[in-house]
**Student:** 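Mind having a look at this structure? Questions to follow.
Not measured: the values here are computed from a predicted model.
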Amino acid sequence: MGKHYNSPNKKRDGSDTAEELTRQVEKGSLTEEQAQKRLARQRMQEKQNERRATQGRDAMIEGVVAAGADYLTTDQMLEQVLDTQSNILLLRIVDNALGLSNLKMKINREKRRRMAKNFVHPFPLMHLVAHSPWFELFLGLAMIINGILIGIQAGMTPEESEIHPEYQLMEHITTAIFVLELVARMMGDGWTWIFKWLNCADVGLIFVTGVLPMWILG
């Protein structure tokens with residue numbers, strides 16, 4: 001008697017089961033070698049079908065995740081509202097009067113949008129520049145030069161300042177560099193960058209000590 005090709009499941013695609021192949025070998029309609037080749041081909045086809053089904057499920061899951069990246073559940077919306085509302089009554093009144101609560105919600109929504117896996121940065125080059133160590137080094141040198149210029153000009157009389165206009169020119173250049181820094185950081189990290197306390201203080205410092213006296217009042 002020939003070999004038995006055991007298989008616990010019956011095929012749904014119309015292909016021969018192992019039991020059917022065994023019966024055909026016993027009847028002599030198939031040789032054992034032909035039955036083994038046919039069974040091997042069927043198993044290869046099953047693995048290919050399983051692989052396609054797995055890839056289809058993965059693609060469907062990725063699509064659902066991407067579609068729901070900006071979706072907020074009711075619990076998430078409530079949690080977001082609670083996070084933006086102050087526990088102090090006076091601050092809550094001020095927030096509502098000035099619309100700060102809505103601004104905080106927009107900031108949180110924008111941050112969550114940028115953290116999503118499917119987010120495509122509108123300015124990828126500026127993002128790389130703003131987070132480059134060479135960018136930080138260049139700004140550090142500009143700050144040192146600006147401090148030196150401020151110290152030199154503080155010890156000069158008005159008459160000496162008129163004789164040396166190059167110091168005034170250098171101060172214009174450093175102010176322009178700091179303004180371009182703000183533009184690069186906002187393009188790289190988004191408009192929410194300015195709403196962090198340290199960044200906001202940096203913007204105020206550049207405006208009060210550079211833009212305002214040099215380009216507006218000067």
**Student:** Could you go through the side chain to side chain contact (heavy atoms under 4.5 Å, CB included) check for Phe178 and Asn146 one step at a time?
**Tutor:** CA-CA 10 Å; Phe178 294 143; Asn146 186 55; 3.9 Å; yes

**Student:** Could you state whether Ile173 and Phe138 fall into the same hydrophobic cluster, counting links through intermediate Ile, Leu, Val, Met, Phe, Trp or Tyr residues with side-chain heavy atoms under 4.5 angstrom apart?
**Tutor:**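 Yes, Ile173 and Phe138 fall within the same hydrophobic cluster.
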
**Student:** Using side chain to side chain contact (heavy atoms under 4.5 Å, CB included), reason through Val129 and Met187 one step at a time and then give a plain yes or no.
**Tutor:** CA-CA 10 Å; Val129 170; Met187 292 178 66; over 6 Å; no

**Student:** Does His121 offer a backbone N or O that forms a donor-acceptor pair with the side chain of His127 under 3.5 Å?
**Tutor:**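 Checking the backbone N and O of His121 against the side chain of His127, no donor-acceptor pair under 3.5 Å is found.
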
**Student:** Mind checking the OG1-CZ spacing from Thr192 to Arg113? Nearest 0.5 Å is all I need.
**Tutor:** 9.5 Å

**Student:** Drop me the distance from Met214's CE to Ile206's CD1, to the nearest 0.5 angstrom.
**Tutor:** 14.0 Å

**Student:** May I ask you to test the Ile148-Tyr167 pair for a side-chain heavy-atom distance under 4.5 Å?
**Tutor:**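 No, side chains not in contact.
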
**Student:** What verdict does the side chain to side chain contact (heavy atoms under 4.5 Å, CB included) test give for Ile194 and Asn199, after you've listed the backbone C-alpha separation in whole Å, the side-chain angles of each residue and the deciding distance to 0.1 Å?
**Tutor:** CA-CA 5 Å; Ile194 198 174; Asn199 300 337; 5.7 Å; no

**Student:** Once rounded to the nearest 0.5 Å, what's the spacing between atom CG of Asn102 and atom CD1 of Ile107?
**Tutor:**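 One gets 11.0 Å once the value is rounded to the nearest 0.5 Å.
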
**Student:** Do Leu205 and Leu212 belong to the same hydrophobic cluster, where Ile, Leu, Val, Met, Phe, Trp and Tyr are linked whenever their side-chain heavy atoms lie under 4.5 Å apart, directly or via other members?
**Tutor:** no

**Student:** Should Leu180 and Ile177 be regarded as members of a common hydrophobic cluster, given that ILVMFWY residues are connected when their side-chain heavy atoms come within less than 4.5 Å of each other, either directly or indirectly?
**Tutor:**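 No.
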
**Student:** Identify the heavy atoms of Ala184 and Ala130 that sit nearest to each other, and give their distance.
**Tutor:**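 It is O-CB, 4.0 Å.
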
**Student:** Please determine if Glu136 and Arg185 form a salt bridge, counting it only when a charged side-chain N lies under 4.0 Å from a carboxylate O.
**Tutor:** yes

**Student:** Nearest 0.5 Å, what's the CE-NE2 distance between Met170 and His164?
**Tutor:** 15.0 Å

**Student:** Check whether any side-chain N or O of Gln153 sits under 3.5 Å from a backbone N or O of Ile150 as a donor-acceptor pair, and report yes or no.
**Tutor:**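 Here the side-chain-to-backbone pair does not exist.
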
**Student:** How are the rings of Phe195 and Trp191 set relative to one another: parallel (under 30°), tilted (30 to 60°) or perpendicular (over 60°)?
**Tutor:** perpendicular

**Student:** Would you compute the distance between atom CD1 of Ile144 and atom OG1 of Thr174 and round it to the nearest 0.5 angstrom?
**Tutor:**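 Result: 13.0 Å between the selected atoms.
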
**Student:** Would you indicate whether the side-chain heavy atoms of Arg112 and Arg109 approach each other to under 4.5 Å?
**Tutor:** yes

**Student:** Treating Thr175 as the side-chain partner and Glu171 as the backbone partner, does any N or O pair qualify as donor plus acceptor under 3.5 Å?
**Tutor:** yes

**Student:** Is Asp202 reaching over with its side chain to a backbone N or O of Leu198, donor-acceptor style, under 3.5 angstrom?
**Tutor:**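 Absent.
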
**Student:** When you group the ILVMFWY residues by side-chain heavy-atom contacts below 4.5 Å and let the links chain together, are Phe135 and Met126 in the same group?
**Tutor:**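 No, separate clusters.
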
**Student:** Would one find more than 12 heavy atoms of other residues, nucleotides or ligands at under 6.0 Å from atom CG of Leu137?
**Tutor:** yes

**Student:** Answer with yes or no whether the hydrophobic clustering places Trp215 together with Phe207; edges join I, L, V, M, F, W, Y residues whose side-chain heavy atoms lie under 4.5 Å apart.
**Tutor:** yes

**Student:** Decide if atom CE of Met143 counts as having more than 12 heavy atoms of other residues, nucleotides or ligands within a radius under 6.0 Å.
**Tutor:**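 Result for CE/Met143: open.
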
**Student:** Determine whether Lys106 and Glu110 satisfy the following criterion, salt bridge (charged side-chain N to carboxylate O under 4.0 Å, His left out), listing intermediate values before the conclusion.
**Tutor:** CA-CA 6 Å; Lys106 290 180 180 179; Glu110 176 65 14; over 6 Å; no

